[in-house]
Novice: 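The structure is given below, and queries will be raised subsequently.
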Amino acid sequence: MRFLTSTLGRCAAVALALALAPPADAIDGPEDLPEGEGRDEAFYACIACHSMQVVTRQGMTRGMWQDTLTLMVERHGMMELEPDEHELILSYLSEHFPAARATGRGWTNPFD
Ligand code: HEC
C-alpha cells in the first residue's frame with residue numbers, strides 16, 4: 001500500500017509538472033533554437049516583433065530567406081541589419097531552416 005501511494009504521488013507530481021510546463025515547442029530564448037553561428041543574433045533580431053515559431057516553422061531556400069528579410073525591413077519596419085549581421089543571420093536561417101526540411105524524408109517510389 002505504501003508503494004502504491006508513493007507511486008501515485010509521483011505520478012501526480014509528474015502530471016502537475018507537465019501541466020505547468022510550457023508547450024514543448026515554446027522558444028523562450030536562443031538556446032531553444034538549433035545550435036549554430038548566428039543563433040543569438042537571429043533570435044534577438046526577430047523576437048522584437050513576433051514569436052520565433054513564425055520563423056522556425058518555415059523551410060526556405062537562401063534566396064527566399066533573403067526576400068523575407070527584405071520584406072521585414074520594407075513592409076514591417078524591421079531595422080536594417082548591418083551587412084555582416086545580415087550575412088550571419090541569413091546563413092543561420094538558410095542552414096537550419098532550409099527548404100528541403102519541409103518535405104521530410106523526400107520522395108520515395110511507392111512501387112519499389
Ligand atoms: C519590426 C518588426 C519585425 C521584425 C523585427 C521581424 N519581423 Fe517578421 N514579421 C513581422 C510582421 C508584422 C509579420 C506579419 C505578421 C505576423 O505573422 O506576425 C511578420 C511575419 C514574418 C514571417 C511569416 C511570413 C509569412 O508569410 O507567414 C516570417 C517568416 C518572418 N516574419 C521572418 C522574420 C525574421 C527571420 C526576422 C528576423 C531576422 C523577422 N521576421 C523580424 C514583423 C517583423
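Predicted model, so just to flag it, every value in this text is computed and none were measured. As the structure lists them, so they are numbered: ligands from 1, and atoms in each ligand from 1. Values below: every heavy atom of this structure, side chains too, minus hydrogens, waters and symmetry copies.
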Novice: To the nearest 0.5 Å, what is the distance between OG (S91) and CZ (R62)?
Specialist: 4.0 Å
Novice: Starting from atom 32 (C) of ligand 1, locate the nearest protein heavy atom and write down its residue, its atom name and how far away it is, to 0.1 Å.
Specialist: T68 CG2, 3.6 Å
Novice: Who's the nearest protein heavy-atom neighbour of atom 12 (C) of ligand 1, and how far?
Specialist: H76 ND1, 3.3 Å
Novice: What distance do Y92 atom OH and F97 atom CZ have between them, rounded to the nearest 0.5 Å?
Specialist: 4.5 Å
Novice: Can you check whether a protein heavy atom sits less than 4.0 angstrom from atom 23 (C) of ligand 1?
Specialist: yes
Novice: Give the single entry among C46, A45, G77 that approaches atom 34 (C) of ligand 1 most closely by any heavy atom.
Specialist: C46
Novice: Do other residues, nucleotides or ligands put more than 12 heavy atoms under 6.0 Å from the CD atom of E35?
Specialist: no
Novice: Got more than 12 heavy atoms from elsewhere within 6.0 Å of CD, E80?
Specialist: no
Novice: Record the part of L69 in heavy-atom contact with ligand 1 below 4.0 Å; permitted values are side chain, backbone, both and neither.
Specialist: side chain
Novice: Of all the atoms in ligand 1, which lie at a distance below 4.0 Å from a heavy atom belonging to L93?
Specialist: 35 (C)
Novice: Heavy-atom distance to atom 20 (C) of ligand 1: which of H86, M72, Q53, M79 wins?
Specialist: M72
Novice: Which bit of V54 gets closer than 4.0 Å to ligand 1, counting heavy atoms only: side chain, backbone, both or neither?
Specialist: both
Novice: Tell me which protein heavy atom sits closest to atom 25 (C) of ligand 1, plus the residue, atom name and distance to 0.1 Å.
Specialist: Q58 NE2, 4.2 Å
Novice: Are the side chain of R39 and the backbone of P30 linked by a donor-acceptor contact shorter than 3.5 Å?
Specialist: yes
Novice: Kindly confirm or rule out an N or O of H50 lying under 3.5 angstrom from an N or O of ligand 1.
Specialist: yes
Novice: When you measure from atom 3 (C) of ligand 1 to each heavy atom in C49, A42, S51, which option holds the nearest one?
Specialist: C49
Novice: Is any heavy atom of the protein nearer than 4.0 Å to atom 40 (N) of ligand 1?
Specialist: yes
Novice: Could you tell me if E41 and H86 have a donor-acceptor pair between their side chains, going purely by distance under 3.5 Å?
Specialist: no
Novice: With rounding to the nearest 0.5 angstrom, report the CD1 to OG1 distance, I27 to T56.
Specialist: 3.5 Å
Novice: Given that the side chain starts at C-beta and the backbone is N, CA, C, O, which of these parts of M78 lies under 4.0 Å from ligand 1, counting heavy atoms, or is it both or neither?
Specialist: both
Novice: Can any side-chain N or O of S51 pair as donor or acceptor with the backbone N or O of I47 at less than 3.5 Å?
Specialist: no
Novice: Near Q53 CD, under 6.0 Å, is it more than 12 heavy atoms from other residues, nucleotides or ligands?
Specialist: yes
